[in-house]
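Residue numbers run from 1 in the order of the sequence given. In listed order, ligands and their atoms are each counted from 1.
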Amino acid sequence: MSDYREMWQSLDMDLEKHDELCEVLPKFYSDIYLSQENRPEGMNYYNFVISEVHGLRIKELVNAKAENQKVVGTFCVYVPDEIINASNGISVGLCSGSDFWIPDGEKYLPRNTCPLVKSAVGAKVSGTCPYFQSCDMIVGETTCDGKKKAWEILDEHTNMYVMDLPQMKRKKDYKHWKEEIFEFSSELSKLTGKELTVENLSDSIDLINKKRETLQKLYEFRKLKELPISGKDALLITQIAFYDNIERFIEKTEALIDELEKRVKEKVSVFDKDTPRILVTGTPMAVPNWKLHHLIETSGGAVVCEETCTGTRYFENLVDNTGDTLDEKVEALADRYMGINCACFMPNNGRTDDIIRLHEEYSADGVIYYSLPFCNTYAIEAKQVMDALEAKGIPVIHIESGYSLEDAGQVKTRLEAFFEMLRG
Ligand code: BJ8
């Protein structure tokens with residue numbers, strides 16, 4: 001990475017501590033990603049993005065800020081990127097997938113808090129994440145208890161804005177979310193100086209729909225018998241979609257899709273034919289949380305789909321852009337986003353239906369229900385989902401695992417036994 005120290009300093013980062021983080025990531029990435037054989041050439045772009053994750057992309061953000069754009073950090077797939085983009089903002093998903101930030105998070109939160117929440121707080125308070133440091137506004141949402149309390153803590157360190165997400169999906173809840181989107185938009189326009197209009201919202205809906213369609217096309221390859229791309233690589237691409245420049249991301253992913261088409265014609269597969277095909281469902285996997293996919297794919301399985309917020313929940317449904325007025329367009333946004341099935345809602349039967357449907361669409365042999373430790377909503381919902389899957393004869397196991405690699409051996413043993421059973 002070129003020398004970005006001056007830039008990091010201007011973002012008020014703790015350089016010494018940040019050096020420690022920069023030291024571990026390349027080796028970690030190389031062990032997990034570069035060790036894969038027979039990867040598509042097009043993955044070089046995503047390797048490059050990761051190698052410059054705290055460098056070039058941050059420089060782009062800093063340059064955009066100098067041109068009067070605003071950087072808006074988000075944590076949840078309910079927060080509509082279309083509004084941010086239409087208001088001259090740049091949306092960045094704040095990853096919070098690293099173990100590195102947990103000790104700093106624990107200075108503010110009890111140990112028995114979900115690692116994603118601790119990592120998010122730790123990343124900000126330690127001053128070691130240039131994405132957090134670049135944000136002009138950070139948008140939280142009222143989802144789980146851990147996140148809600150974390151927003152109060154972060155509010156003391158940054159410009160926080162919280163969207164009030166309903167917990168049910170009644171007619172009045174859709175209406176409420178629509179109003180929340182309007183309020184968010186007016187708050188944003190105070191920050192950016194740009195009002196939401198039919199034209200700029202329409203363009204943003206088209207652009208972000210295009211990104212979703214690109215990811216949908218990519219995931220089509222994961223439905224094939226001969227898989228031209230690994231689950232680990234597909235996960236990485238979706239993770240990068242949260243903070244890369246949208247147009248470039250679409251262009252590079254479309255180029256990869258062309259390459260995958262060629263691979264399919266040439267019958268190139270990255271797994272043996274009898275490798276058990278796994279659908280992963282559960283809590284999101286933020287960069288650099290590649291642990292479960294890595295363990296699955298080095299224990300004899302192949303991940304073919306993720307029913308998570310770093311998977312299908314992020315891109316499955318498009319926004320209807322046919323409305324003529326701002327009100328109709330915002331209503332279409334509210335409808336699309338309220339269609340996401342997160343365990344923070346009750347009831348949440350739609351998620352179980354999604355898992356059963358995806359299991360079939362991706363010809364999965366089994367399901368791994370993944371939850372982060374201390375994530376009550378997903379852990380509690382596991383029983384209902386697993387009972388429904390078992391009733392359909394779909395093999396499923398629940399793996400609860402955090403960011404640390406301490407339990408890797410134990411998880412691997414369970415995975416190997418599960419795959420053996422699936423093969424049998
Ligand atoms: S839509 S999954 S991104 S809320 S894992 S922090 S729920 S204790 S991340 Fe999520 Fe939005 Fe739902 Fe998706 Fe809390 Fe659970 Fe931690 Fe979680």
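- Those atoms of ligand 1 with a heavy atom of Tyr378 less than 4.0 angstrom away are 2 (S), 12 (Fe).
- Of all atoms in ligand 1, numbered sequentially from 1 with element shown, those under 4.0 Å from a heavy atom of Cys342 are 1 (S), 2 (S), 4 (S), 12 (Fe).
- For Ile340, the heavy-atom gap to ligand 1 stays at 4.0 angstrom or more.
- Proximity of atom 17 (Fe) of ligand 1 to the protein is not indicated, since no non-hydrogen protein atom lies closer than 4.0 angstrom.
- Listed by number with element, the atoms of ligand 1 under 4.0 Å from a non-hydrogen atom of Pro284 are 2 (S), 9 (S).
- Salt bridge annotation for Asp81-Arg212: absent, with no cationic side-chain nitrogen under 4.0 angstrom from a carboxylate oxygen.
- Between the side chains of Asn349 and Gln384, at least one donor N or O sits under 3.5 Å from an acceptor N or O.
- Other residues, nucleotides and ligands contribute at most 12 non-hydrogen atoms within 6.0 Å of the NZ atom of Lys252.
- Distance check for Cys144 against atom 12 (Fe) of ligand 1: none of its N/O/S atoms falls below 2.8 Å.
- For Met421, the CE atom sits in a packed shell: over 12 heavy atoms of surrounding residues, nucleotides or ligands are nearer than 6.0 Å.
- Among the backbone and side-chain atoms of Cys344, no N/O/S atom is found under 2.8 Å from atom 11 (Fe) of ligand 1.
- Proximity of the aromatic rings of Phe132 and Trp101 is defined here by a centroid distance below 6.0 angstrom, and this criterion is not met.
- The side-chain contact (heavy atoms from CB on, under 4.5 Å) test with Gln133 is passed by exactly one of Leu11, Leu61, Asp14: Leu11.
- Every atom of ligand 1 is numbered from 1 in the order shown, and the set under 4.0 Å from a heavy atom of Cys76 is 1 (S), 3 (S), 4 (S), 11 (Fe).
- In this structure, Lys169 is positioned above the aromatic face of Phe345, its NZ or CZ under 6.0 Å from the six-membered ring centre and within 45° of the axis.
- Near Phe75, meaning under 4.0 Å from any of its heavy atoms, are these atoms of ligand 1: 3 (S).
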